[in-house]
Amino acid sequence: MGAYLVRRFLLMVLTLFGMSVLIFVMLRLVPGNITDIIFDSAGFVNPAKKAAIERQLGLDQPIVTQYITWMAGLARGDLGYAFVSEKPALDEILPRIPVTAKLAVLALAFSVLFGVPLGVISAVRQNTGLDYVLRVVSLSGLSLPSFWLGLLILMACVHWFGWIPIYRSSPDNFWQEIALLSIPAAAVGFRSSALVMRLTRSSMLEVLRQDYIRTARAKGASEPSVNYDHALRNAVLPVVTVIGIEAAFLVGGLIVTETVFNIPGVARFLVEAIRWRDYPIVQNLVMFIAIIVVMVNFIVDMAYAALDPRIKYEE
Amino acid sequence: MLEVHNLQTYFYTRAGLVKAVDGVSFSLWSGETLAIVGESGCGKSVTALSLMRLLADPPGRIVGGAVRLDGRDLLGLNAAAMRQVRGKDVSMVFQEPMTSLNPVMTIGRQIGEALMLHGAGSREGVRDRTLEMLRLVGIPEPAQRVREYPHQLSGGMRQRAMIAIALACNPKVLIADEPTSALDVTIQAQILELMANLQRKLGTAMILITHDLGVVAETADRVIVMYAGRKVEEAAVDELFARPLHPYTRGLMRSIPRFAVMRNGVAPAGRLQEIPGMVPALSALPTGCAFAPRCAFASDICRRDYPRYEEKRAGHWSACWHSDRLVGAADG
Ligand SMILES: Nc1ncnc2c1ncn2[C@@H]1O[C@H](COP(=O)(O)OP(=O)(O)OP(=O)(O)O)[C@@H](O)[C@H]1O
Ligand code: SF4
Ligand SMILES: [Mg+2]
């Protein structure tokens, strides 16, 4: 186990290093930098002034030097200064994390709490009306883009309740915030809940055919016990893997949903920063997201090993 | 004690109606071992699963007959009452030890579950009884094995664990569906011996399903031979081997080396003979005797009418028009 963890950790570091190079280079391959954008919008170009700003922001340095500067900063815990606000990037990013984290956790919880039980029900009631309804709903979940679903929800709320579930000011307490976030979380989580449901369903159908299910019945186990104790514990294994992958996809959904619902989180902030070519914000934020995704996948692997006794991470 | 009367189990498939079990009757006395033999696909497993009402419906359905355990008709019980019977009064050991245990549950939990389901009482009681069962089925180091998962056990050990599950609640009837055919030959003998010992010790009646006549000769008291979903012969084990009254039974005996060796004490002189032809599709059975296309004794009446199932000798039943021609027919 120890050896596995070390190997796994090194792999994670390597992945993140690759990620950092990739994001760094890609960001600079995008045409234009912040000075171009500022001067374009101003309508005239004073080359000397522009060069001065570029020098001040370090954009005139060779890309390798820029990269090393960034990495050296990271090692000291210094993320540099945001180009736009000129505040420390860390101070810009940190306060925006909690709301996005809550949204992401809610969305993931939504997808698991709805996806898994509905998948089981759909499998146990295979080919009944309920099964068909659930399958159609899940198909719609896979095909509706989350921003469109978000807009739809907003419009429905306005139409029926005359109320918009968006952030106008900061919420009074934790529960109010959760309540407010649960609607966008549902919009984001609907897709993955549909995926989780379909996967749980097919996995359950597969497991319910197995010999050990017959053994459980032969012992006199009740249907709920057969379905949930015996079958589901085997059927969730592939679902757990997919939840790890979905965590990465979630980021895309968060970006549009934060925009649609006007949520002051990191995802929307990231889009804004990309527009301004605000390199310190973008590269640090993407690195942060990469770290989270890598860690979630690590946790998923650990959970998998805990759930499946046949898997032991040993040499 | 267990009476099966005119059991009919059909499968409603896209290809048509499959009469997998068609009018099978037998009784089982307490403490007795009844063997059911026959080629693959003749309906042995379906018979066993029907007794436990474990067939998936659709496609399988028990369309007729009665299964009475101590006078109570199991086919008439509601689902909850039937669950009380499964694992408690009637238990089953399956053919596939590798896949019949739940891979994500410990052995101890899987045995304990059977006990809990049938009211074993306290946690300690369940644990003690689980350990006792593991010892009883000859699994070494029970205290450690209860915490292990199926993949940590060999095939033979898994089948022992299956037997422990099946016998945990002291059932009246144990149905063993080819309990050893997935195992190595040496392990097969051990498992069979274990089952015979336990059966003697616990007084359980056993239905042993197999296509190994050698196994039948060693363990069974009585034998039922099935062909194409029907019972074609039934007799006490010695009587059957000494005087098979159905050409199919005779064919089975001739095709099995172990039996041929055992009977004569020497290797059979001629070559082993297979029964020519194949088992007919159950959805398209010929009228008349289902065995007729493969039978050396077949005559016109065989192809026209299904032979009556009759007691040809005391306690020896057979469904064949020409049983009399088999008596005394040369063995070769
Ligand atoms: N799920 C099913 N759907 C349709 N037909 C089935 C199904 N299960 C069994 N049958 C039919 O029932 C017949 C009897 O099958 P069964 O499993 O009882 O054979 P068996 O005697 O146990 O054979 P084996 O020695 O291979 O275990 C088969 O020929 C098959 O056509
Ligand atoms: S009834 Fe006729 S065909 Fe059928 S087994 Fe007997 S002899 Fe053969
Ligand atoms: Mg079978």
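Predicted model, so just to flag it, every value in this text is computed and none were measured. Here is the naming used below: chain letters follow the sequence lines, and residue numbers restart at 1 for every chain.
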Point to revise | Portion of A:Ile213 that has a non-hydrogen atom of chain B nearer than 4.5 angstrom | key: neither

Revision key, fill the gap. If one checks every heavy atom of A:Ala216 against chain B at 4.5 Å, the contacting part turns out to be neither

Check your understanding: Near A:Phe298 CZ, under 6.0 Å, is it more than 12 heavy atoms from other residues, nucleotides or ligands?
Key -> yes

Could you look at [X] and say if it's the side chain, the backbone, both or neither that has a heavy atom under 4.5 Å from chain A?
{"X": "B:Ile175", "answer": "neither"}
{"X": "B:Met98", "answer": "neither"}
{"X": "B:Ile165", "answer": "side chain"}

How about the chain A/chain B donor-acceptor pairs under 3.5 Å, what are they, with distances?
from, atom 1, to, atom 2, distance (Å)
A:Asp211, OD2, B:Thr99, OG1, 2.5
A:Tyr212, N, B:Thr99, O, 3.2
A:Thr215, OG1, B:Ser100, O, 2.6
A:Ala218, O, B:Gly87, N, 3.1
A:Lys219, O, B:His118, NE2, 2.8
A:Lys219, NZ, B:Gln110, O, 2.9
A:Lys219, NZ, B:Glu113, OE1, 2.7
A:His230, O, B:Asn102, ND2, 3.3
A:His230, ND1, B:Asn102, ND2, 3.2
A:His230, NE2, B:Glu113, OE1, 2.9
A:His230, NE2, B:Glu113, OE2, 2.8
A:Arg233, NH2, B:Val104, O, 3.0
A:Asn234, ND2, B:Asn102, OD1, 2.8

Point to revise | Heavy-atom closest pair, residues A:Ala218 and B:Leu54 | key: CB-CD1, 3.7 Å

Practice item. Mind listing the closest non-hydrogen atom pair of A:Pro309 and B:Pro103 along with its distance? Key: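 Minimum heavy-atom separation between A:Pro309 and B:Pro103: CG-O, 3.3 Å.
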
**Study point:** Option that, when pairs with chain A are counted at under 4.5 Å, heavy atom only, ranks first among B:Gly87, B:Ala166, B:Ala80
**Key:** B:Gly87

